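Everything on this sheet refers to the single structure shown next.
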Number of protein chains: 2
Amino acid sequence: MPTRTAAQRREAARAEYDAFLATCPSRQVLDRISDKWVTLVLVALADGTKRYSDLCRVIAGVSQKMLTQTLRTLERDGLVARTATLAVPVRVDYDLTPLGESLMPAVNAVKAWAEQHIGDIEASRATYDSRTAAR
Amino acid sequence: MPTRTAAQRREAARAEYDAFLATCPSRQVLDRISDKWVTLVLVALADGTKRYSDLCRVIAGVSQKMLTQTLRTLERDGLVARTATLAVPVRVDYDLTPLGESLMPAVNAVKAWAEQHIGDIEASRATYDSRTAAR
DNA sequence: CAGCATCCGGATGGATACTG
DNA sequence: CAGTATCCATCCGGATGCTG
């Protein structure tokens, strides 16, 4: 009777690690802000209240499905506040909550780094590509 | 002569959107650090040189394919340096480049925010879920 | 040891149509 | 206006097997 196979051990390790990641705060937050649309919504709301249709227009290219889904998760996480005004026509406003605002410095730190170093990255890519293409 | 098909319009829209994204530095960088494995590799390398097999072990749960792929893009972007030692057996070391190190403060800012506010987020989720479940 | 090629299932997310 | 519901193509990423 053999011990566990390599595959079984690997799977166990992966499951364990996944469990670790699931409880890792940094991981959870990163999973959020890493979302394709989350940061775009965040910066859009950073300069003031926006209506659903405003967001749809400002973030050109987002589908309704993704915008709604993004707003729901942000609302659930307490980063964004949703205010519905029952009238005709319906009006829904979204703002950053204080918690959402407190995240902006971190987001802006990444943004600042990006704008400062994108040139280096692109230069590196060009070098890398020309070198690999030569082979 | 028919007008453009739905597929053609879809492709045109996507191409336009891709072009927009391509010009956004923040987006490009966020796409990188948002990758499931990128930040894990970054923090693993932040405390020193690591061999391929070290990374494989430290970041339990990553597949070889993903680890290699992650390292390649990081190398291409100039965030990570790859050093191969031709010997038997082959030995390959990875380090952060100065550029990669300069990114760490921004990553740590997000990490710090995460650890500080994860409680608020989880509380918000609990409230949100109990409220929606009640309906 | 480090890495590549291939296959493939499932999640992701876009298009579209419909509703209060 | 602000969504919801559904369908479906694409792509991500894991498993596996093979090299220098």
Side-chain angles (χ1 to χ4, degrees), chain A residues 5-18 21 31-32 34-38 40-41 49-75 80-95 132 135, chain B residues 4-18 20-21 31-32 34-38 40-41 49-76 80-94 132 135:
Chain A
T5 65
Q8 284 174 320
R9 270 184 280 111
R10 271 189 42 79
E11 186 178 355
R14 197 174 57 77
E16 187 181 345
Y17 197 71
D18 283 351
L21 286 186
D31 280 346
R32 281 291 167 276
S34 73
D35 185 279
K36 189 175 181 180
W37 305 113
V38 163
L40 293 171
V41 169
T49 302
K50 291 270 184 306
R51 298 178 57 176
Y52 182 89
S53 50
D54 290 336
L55 291 170
C56 231
R57 182 169 33 76
V58 170
I59 310 172
V62 69
S63 63
Q64 285 187 328
K65 175 183 171 181
M66 280 302 103
L67 181 54
T68 299
Q69 189 175 305
T70 302
L71 289 168
R72 283 292 116 72
T73 63
L74 288 175
E75 189 193 353
V80 158
R82 179 180 184 275
T83 310
T85 306
L86 289 176
V88 179
V90 185
R91 177 197 177 97
V92 179
D93 292 286
Y94 291 94
D95 321 75
T132 53
R135 289 178 198 147
Chain B
R4 293 192 299 175
T5 65
Q8 282 175 320
R9 269 184 280 112
R10 196 180 315 134
E11 187 176 354
R14 184 178 346 171
E16 185 180 347
Y17 178 68
D18 285 349
F20 162 71
L21 284 189
D31 279 346
R32 281 292 168 275
S34 72
D35 185 279
K36 185 177 181 181
W37 305 112
V38 163
L40 293 170
V41 169
T49 302
K50 292 272 184 306
R51 297 179 57 178
Y52 183 89
S53 50
D54 290 336
L55 291 170
C56 232
R57 181 169 35 76
V58 170
I59 311 172
V62 68
S63 65
Q64 286 187 327
K65 176 183 171 181
M66 281 302 104
L67 181 55
T68 300
Q69 193 177 99
T70 302
L71 288 167
R72 282 295 112 75
T73 62
L74 288 174
E75 189 193 352
R76 188 171 103 97
V80 158
R82 179 179 183 274
T83 312
T85 306
L86 289 176
V88 178
V90 184
R91 178 198 177 96
V92 180
D93 292 287
Y94 291 94
T132 52
R135 288 178 199 147

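Within every chain, numbering begins at 1; the chains are lettered A, B, ... in the order of the sequence lines, protein sequences first and strands thereafter. The model shown is predicted, which means the values in this text are computed figures rather than measured ones.
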Next item on the list: For the residue pair B/R82 and B/R72, establish whether any side-chain heavy-atom pair is separated by less than 4.5 Å.
Entry: yes

Notebook entry, point to check: D/dG14, C/dG14, C/dA2: which one has an atom nearest the side-chain heavy atoms of B/V92?
Noted result: C/dA2

Next item on the list: Could you check which of D/dA2, C/dC1, C/dG14 has an atom nearest any side-chain atom of B/P89?
Entry: C/dC1

OP1 or OP2 of [N] under 4.0 Å from side-chain N/O of [X]:
X     : N      : result
B/R51 : C/dC1  : no
B/S53 : C/dA2  : yes
A/K36 : C/dG14 : yes
A/Y94 : D/dG3  : yes
B/W37 : D/dC12 : no

Note to self: Here's a test for you: under side-chain contact (heavy atoms from CB on, under 4.5 Å), which of B/V62, B/I59, B/L67, B/V58 qualifies with B/L40?
What the structure shows: B/I59

Check: What is the distance from atom CZ of B/R91 to atom CG of B/L86, rounded to the nearest 0.5 Å?
Finding: 13.0 Å

To the nearest Å, give me how far apart [atom1] ([X]) and [atom2] ([N]) are.
X     : N      : atom1 : atom2 : answer
B/K65 : D/dT19 : NZ    : C1'   : 18 Å
A/M66 : D/dC8  : CE    : P     : 18 Å
A/Q69 : D/dA5  : CD    : P     : 13 Å
B/R57 : C/dA2  : CZ    : P     : 11 Å
A/Q64 : C/dC18 : CD    : P     : 14 Å
A/L40 : C/dG13 : CG    : C1'   : 15 Å
B/R82 : C/dC1  : CZ    : P     : 16 Å
B/L86 : C/dG3  : CG    : P     : 12 Å

Next item on the list: Starting from the 5' end of DNA chain D, give me the residue, B/V90 or A/R72, whose nearest nucleotide shows up first.
Entry: A/R72

Check: Between A/V90 and A/T85, does a side-chain contact (heavy atoms from CB on, under 4.5 Å) hold up when you go through it step by step?
Finding: CA-CA 6 Å; A/V90 185; A/T85 306; over 6 Å; no

Next item on the list: Grab the two heavy atoms, one from B/W37 and one from B/D35, that are nearest each other, plus how far apart they are.
Entry: N-OD1, 2.9 Å

